Enquirer: 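What follows is a single structure, and I will ask about it in a moment.
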Number of protein chains: 2
Amino acid sequence: MATQPTGLKLREEHLCHGGKIQFYEHFSHTLGLSARFGVFLPPTACAGQKVPVVYALAGLTCTEETFLIKSTALAEAARLGLALVAPDTSPRGAGVPEEDKDWDLGTGAGFYLDATQQPWCKHYRMGSYIAQELPEIVEQALPLDSARRGIMGHSMGGHGALIHGLRAPTFWKSISAFAPIVHPAVVPWGQKAFTAYLGPDQATWRAYDAVSLLEDGYKHPNTILVDQGEADQFLQRELQPWHLQHAAEQAGQKLNLRQHAGYDHSYWFVQSFVADHLRYHAANLKAG
Amino acid sequence: MATQPTGLKLREEHLCHGGKIQFYEHFSHTLGLSARFGVFLPPTACAGQKVPVVYALAGLTCTEETFLIKSTALAEAARLGLALVAPDTSPRGAGVPEEDKDWDLGTGAGFYLDATQQPWCKHYRMGSYIAQELPEIVEQALPLDSARRGIMGHSMGGHGALIHGLRAPTFWKSISAFAPIVHPAVVPWGQKAFTAYLGPDQATWRAYDAVSLLEDGYKHPNTILVDQGEADQFLQRELQPWHLQHAAEQAGQKLNLRQHAGYDHSYWFVQSFVADHLRYHAANLKAG
């Protein structure tokens with residue numbers, strides 16, 4: 001493994017669509033652990049040009065590989081000249097008792113927030129990792145344009161894209177999501193995770209809940225793109241996109257919520273519309 | 001699981017690119033075991049039209065899911081109106097001692113042939129499964145046009161596509177391969193598998209070796225499309241595409257062998273050129 005000045009170790013690299021897919025490992029000071037992420041560099045970046053970049057956050061149980069393998073985004077990203085960065089979904093090996101017991105809490109379920117409660121708060125700090133450390137190290141090491149940075153995600157990763165994009169609208173210039181958890185404070189996945197990571201005081205949950213952020217005045221200047229399958233098995237219980245639609249209307253947030261008959265929660269759904277998302281980001285980030 | 005008149009059980013189905021991705025299980029009389037395969041039906045097939053179909057054979061260690069998930073072929077197949085059928089790479093649970101010992105023999109390594117040697121010959125019959133049983137059952141159950149059928153594959157699956165296409169050129173009307181094992185009789189993967197499945201008499205190997213088939217007069221009326229990465233880690237030891245090029249020249253077989261600098265053996269390579277392969281098949285099968 002080649003070690004770069006930033007402490008990044010390149011674990012794997014393949015030529016793909018004239019660009020490069022790379023998988024890195026590094027010691028994360030935010031997480032206090034070794035962490036992994038994947039990158040796709042389009043041909044223009046491989047030729048040395050600084051390119052716009054979209055961070056892609058995956059859902060429960062996924063890793064840094066999932067979006068890059070299953071979303072089928074690379075062909076269109078290569079055409080548009082967009083880089084992709086895909087982080088892992090939680091710390092790995094934090095040593096929290098029971099972190100591997102449930103698939104929706106602990107390993108693979110970091111919820112892109114900073115835990116405040118014992119025993120999670122030492123390592124479960126994906127919030128700061130996404131908001132700061134990961135962009136710093138990857139944009140220092142690779143030809144990515146820090147002035148043109150978007151964020152997208154699927155399911156728990158859609159939640160991550162919405163909250164990070166709303167909280168830092170000049171940092172993340174475009175936001176899109178597939179089947180996001182829009183209002184974790186009122187659904188089982190979110191309530192379980194937030195109770196564990198943030199404790200019982202629900203006032204502290206608002207900083208990590210897209211609907212609450214809109215209610216509290218956070219807003220993004222660009223239209224947010226959201227795709228939702230109408231046959232999604234988690235639609236009624238966990239996703240409830242109508243909360244986002246209502247909050248966006250109330251807040252004057254531009255939102256393009258597209259609902260697709262027959263599509264479910266899987267990456268077969270994501271891949272069906274991923275090219276639209278990349279074109280949305282490319283247009284907002286003035287790619288190409 | 002819904003059971004159809006053909007004995008097919010639909011295990012999983014998702015809407016994708018306006019078409020359907022489906023995973024089936026059935027009892028295979030050829031293999032004497034339960035077997036699985038995946039199908040992609042483009043939107044035209046879902047609307048009831050009979051469509052051309054390409055069978056996609058995966059490589060060592062893969063399953064019926066691998067090509068459909070990792071090749072990223074579905075968007076282009078949907079556009080072209082091509083169905084895809086992806087079988088498993090071997091029988092599963094045949095009970096042969098040591099079938100799970102090595103990754104290049106036994107489970108996941110059926111080599112798309114009919115074994116003649118004990119203890120393999122009872123179940124390791126992927127040759128007849130691909131040549132007859134699978135097309136029969138899938139084309140009876142689904143709106144696929146049996147007069148417009150192509151075959152493609154990757155690595156061991158590229159070997160499978162070449163030998164089946166050459167042996168039955170009116171049955172398989174188009175052939176393409178990524179990084180195929182073109183001459184298994186002279187390389188370690190092939191020698192190990194053929195010795196186990198077919199025995200030491202190398203005369204019996206010729207029926208399952210693309211180069212030998214061309215030497216023995218087998219030929220396909222259409223151009224065979226082959227893509228090979230020049231940075232493929234198995235190029236020199238296992239693939240040796242120059243044998244195919246030489247044999248095709250000697251036999252007068254039209255061959256489009258494209259060599260790609262920097263690409264390796266992975267599905268990152270396959271996905272970079274899969275749309276070209278689908279367009280090749282669509283043109284030969286008069287899709288759309």
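Here the structure is a predicted model, which is why all the values come from computation and not from measurement. Quick note on labels: first sequence line is chain A, next is B, and so on, each numbered from 1.
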Enquirer: State, yes or no, whether a side-chain contact exists between A:Trp268 and B:Leu74 at a heavy-atom distance under 4.5 Å.
Expert: yes

Enquirer: Sort B:Ile21 into side chain, backbone, both or neither according to what part of it lies under 4.5 angstrom from a heavy atom of chain A.
Expert: side chain

Enquirer: Measuring heavy-atom distances to chain A, does B:Glu76 have an atom under 4.5 Å in its side chain, in its backbone, in both, or in neither?
Expert: neither

Enquirer: Rounded to the nearest 0.5 Å, how far apart are OH of B:Tyr263 and NE2 of A:His17?
Expert: 7.5 Å

Enquirer: For a quick test of reading the model, state the closest non-hydrogen atom pair linking A:Glu13 to B:Asp264 and the distance between them.
Expert: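 The answer is O-OD2, 4.2 Å.
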
Enquirer: How many angstroms lie between atom NE2 of A:His260 and atom CG of B:Leu15, to the nearest 0.5 angstrom?
Expert: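 It is 10.5 Å, given to the nearest 0.5 Å.
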
Enquirer: Check for a donor-acceptor pair, side chain of B:Tyr267 on one end and backbone N or O of A:Ile69 on the other, with a separation under 3.5 Å.
Expert: no

Enquirer: Compare every heavy atom of B:Ser266 with every heavy atom of A:His14, then report the nearest pair and how far apart it is.
Expert: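 Minimum heavy-atom contact is ND1-OG, 3.6 Å.
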
Enquirer: Can you tell me which portion of A:Ala73 sits under 4.5 Å from chain B's heavy atoms? Options are side chain, backbone, both or neither.
Expert: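 The answer is neither part of A:Ala73.
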
